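Everything numeric in this text was worked out from a predicted model, so none of it was measured. One-based numbering along the sequence shown.
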Amino acid sequence: MTPTDDGIGHLEILPEIDLALIDALQVNPRAPWTTIASVLDIDAVTAARRWRRLHEERLAWWVVTPSAARLTPYLDATLVLLRCASGAAEDAAERAAAPDWVHTVDLVSGTADLAVVVLGSGLAEVHRRVDELAVLCRGEVVERRVVADVHAEDAGWRLGICSASQRRALLPRTDQPRPAPPRAALVDDLLAALGDDARLSGQELAARVGGSEPTVRRGLDRALHSGAIRLGCDLATPAAALGRGVLLEVEVEDPDRAGRALAGAAPVHRCVQTVGAGNLTLGVRLASLAQLPRIETDLAALARGWQVRSRSTVLRPVKRQGQVLDSSGRRAAPRRGGRRGSRTG
């Protein structure tokens, strides 16, 4: 059974070639189709056609975001846990996903019904927005965890299908040190011009930003290589047999060192250092909740002093990295008369 346009139904598992294609685009969203085709042993026309279908069916989509490093000093974030009235969580989640300053919304089980990431310019603004969110959702704030650092974000997560040699072939060869990021105004212009299309051509990008194509290309290269802009390729995780998710709040001895180690673990798609009962909050993807004890054991081996403070099962991701999702986990269909989907590049 495939989902209808309102997202009702479950998703079939994608064929291996489609998952490999998505993984290749996660490694390098702007890799030429000819390079991707060579790595995956298919032709470029087939690669582009398969991506177009995945994108049009809202099974995979681009993620274009500023680096999490801009959380300080330009932006702050707080993970908010909210409790809703009985039977009101679904409606509250839809309300929570509406503001642009809400980055992520998960329907969860446990002591709270919603886990929401709120952004703002300074902690005072974030605090006001959390209060506004509680009124909007008609919910009660259970906990606020201020984000101190980001070690892994959804835009950087990968399926991990491509081999090490394939990943090397997909990435541009450079022996140059990481450059300084472009000026903040140019980064903002590039983010606005890219929208949600990571493969926008240099010519189209120059037309949107204003400036010569070589200058804009150099600016984009600096923004990408410096990490000022993150490009990613997200997908409906149930279509990759990863339809379960868990949020873990853990306490470790050294959250900075442990956070960097945990960020590289395959099941971890989100790892943030937080101020709360624990000092790290992790998002974990898995095929079955029965795998959780083994995954926790593996993660504990990477983080000295590992102690789990709380666990919440993700019942449904409602908004991820600013993108609203439907009930099956796909990118939500554009509202009638609203913004159209991004180009398929």
Point-to-point distance, once rounded to the nearest 0.5 Å, from CG of Leu19 to CG of Leu159
6.0 Å
Leu133 and Val118: CA distance, side-chain angles, deciding distance, side chain to side chain contact (heavy atoms under 4.5 Å, CB included) verdict
CA-CA 9 Å; Leu133 182 71; Val118 174; 4.0 Å; yes
Tell me whether Leu81 shares a hydrophobic cluster with Val141, the cluster being built from Ile, Leu, Val, Met, Phe, Trp, Tyr side chains joined at under 4.5 Å.
no
Rounded at 0.5 Å granularity, tell me how far NE2 in His269 sits from OG1 in Thr237.
8.0 Å
Heavy-atom check, side chain of Leu82 versus side chain of Asp113, under 4.5 Å
no
Any donor-acceptor N/O pair, Gln166 side chain to Val39 backbone, under 3.5 Å:
yes
Any link between Val150 and Val126 through a network of hydrophobic side chains (Ile, Leu, Val, Met, Phe, Trp, Tyr) touching at under 4.5 Å?
no
Can you find a pair of side-chain heavy atoms, one from Arg270 and one from Thr104, that are under 4.5 Å apart?
yes
Spell out, as yes or no, whether a donor-acceptor pair under 3.5 Å connects the side chain of Arg316 to the backbone of Gly329.
no
For the side chain to side chain contact (heavy atoms under 4.5 Å, CB included) test, which of Leu282, Leu280, Leu262 pairs with His151?
Leu280
Show the nearest heavy-atom pair for residues Ile229 and Leu190, with the distance to one decimal.
CD1-CB, 3.8 Å
Carefully, step by step, assess Asp234 and Gln323 under the rule side chain to side chain contact (heavy atoms under 4.5 Å, CB included).
CA-CA 10 Å; Asp234 205 352; Gln323 174 62 61; over 6 Å; no
For Thr34, does its backbone N or O pair with a side-chain atom of Ser38 as donor and acceptor, under 3.5 Å?
no
Separation of Arg145 CZ from Thr281 OG1 (nearest 0.5 Å):
4.0 Å
Less than 4.5 Å apart, any side-chain heavy atom of Trp33 and any of Ile42?
no
Under the salt bridge (charged side-chain N to carboxylate O under 4.0 Å, His left out) rule, what do Glu125 and Arg129 come out as? Steps first, then yes or no, please.
CA-CA 6 Å; Glu125 182 174 76; Arg129 286 177 171 176; 3.6 Å; yes
Would you say Asn279's side chain and Pro255's backbone share a donor-acceptor pair under 3.5 angstrom?
no
Shared ILVMFWY cluster between Leu231 and Leu220, side chains joined below 4.5 angstrom?
yes
For Gly122 versus Asp76, what's the shortest heavy-atom pair and its separation?
CA-OD2, 3.3 Å
Say whether, by atom type as modelled, one donor and one acceptor occur between the side chain of Asn28 and the main chain of Leu170 under 3.5 angstrom.
yes
Is there a donor-acceptor contact under 3.5 Å from the side chain of Glu251 to the main chain of Arg309?
no
Assess whether a salt bridge exists between Arg260 and Asp256, defined as any Lys/Arg side-chain N lying under 4.0 Å from an Asp/Glu carboxylate O.
yes
Considering all heavy atoms of both residues, which atom of Ala287 and which atom of Ala241 are nearest to each other, and what is their separation?
CB-O, 3.2 Å
Using the rule that Ile, Leu, Val, Met, Phe, Trp and Tyr join whenever any side-chain heavy atoms are under 4.5 Å apart, tell me whether Ile295 and Val250 fall into a single cluster.
yes
Just by distance, no angles: are the side chains of Ser201 and Glu204 close enough, under 3.5 Å, to form a donor-acceptor pair?
yes
Side-chain heavy-atom pair His103, Glu153 within 4.5 angstrom cut-off
no
Can Arg199 and Leu25 be said to form a side chain to side chain contact (heavy atoms under 4.5 Å, CB included), step by step?
CA-CA 10 Å; Arg199 293 183 68 86; Leu25 290 168; 3.8 Å; yes
Is there side-chain contact between Val63 and Arg320, with at least one heavy-atom pair below 4.5 Å?
no
Taking only Lys NZ, Arg NE, NH1 and NH2, and the carboxylate oxygens of Asp or Glu, determine whether Arg52 and Glu56 approach each other closer than 4.0 Å.
no
Please tell me if the side chains of Thr46 and Ile17 come closer than 4.5 Å, counting only heavy atoms from C-beta onward.
no
So, the side chain of Gln321 versus the backbone of Asp154: is there a donor-acceptor pair under 3.5 Å, distance only?
yes
Do Pro99 and Leu136 have side chains that get closer than 4.5 Å, going by heavy atoms?
yes
Spell out, as yes or no, whether a donor-acceptor pair under 3.5 Å connects the side chain of Trp61 to the backbone of Asp197.
no
Which distance, rounded to the nearest 0.5 Å, do you find between the CZ of Arg311 and the OG of Ser109?
12.0 Å
Hey, what do you get for NE2 (His127) to OG1 (Thr78), rounding to the nearest 0.5 Å?
9.5 Å
Group every Ile, Leu, Val, Met, Phe, Trp and Tyr by side-chain heavy-atom contacts under 4.5 Å, then state whether Leu242 and Leu54 land in the same group.
yes
Minimal non-hydrogen separation, Pro182 against Gly219, with atom names:
CG-O, 3.6 Å
Pair Val284, Leu299 - check side chain to side chain contact (heavy atoms under 4.5 Å, CB included), show working.
CA-CA 10 Å; Val284 175; Leu299 296 179; 4.3 Å; yes
Test salt bridge (charged side-chain N to carboxylate O under 4.0 Å, His left out) on Arg95 and Asp91 and set out the steps.
CA-CA 6 Å; Arg95 290 171 179 267; Asp91 180 64; 2.9 Å; yes
Flag side-chain contact, heavy atom, 4.5 Å: Cys162 against Asp23:
yes
List the atom of Ser312, the atom of Val108, and the distance in Å for their closest heavy-atom pair.
CB-CB, 4.1 Å
Salt-bridge criterion met for Arg50 and Glu16 (N-O under 4.0 Å):
no
Would you say Arg304's side chain and Val252's backbone share a donor-acceptor pair under 3.5 angstrom?
no
Please indicate whether Arg53 has more than 12 foreign heavy atoms, meaning atoms of other residues, nucleotides or ligands, lying under 6.0 Å from its CZ.
yes
Smallest heavy-atom separation, Leu247 atom then Gly283 atom, equals CD2-CA, 3.9 Å
CH2 (Trp62) and CG (Leu200) are apart, to the nearest 0.5 Å, by 11.5 Å
Short side-chain to backbone donor-acceptor contact, Thr274 and Gly276, under 3.5 Å:
no
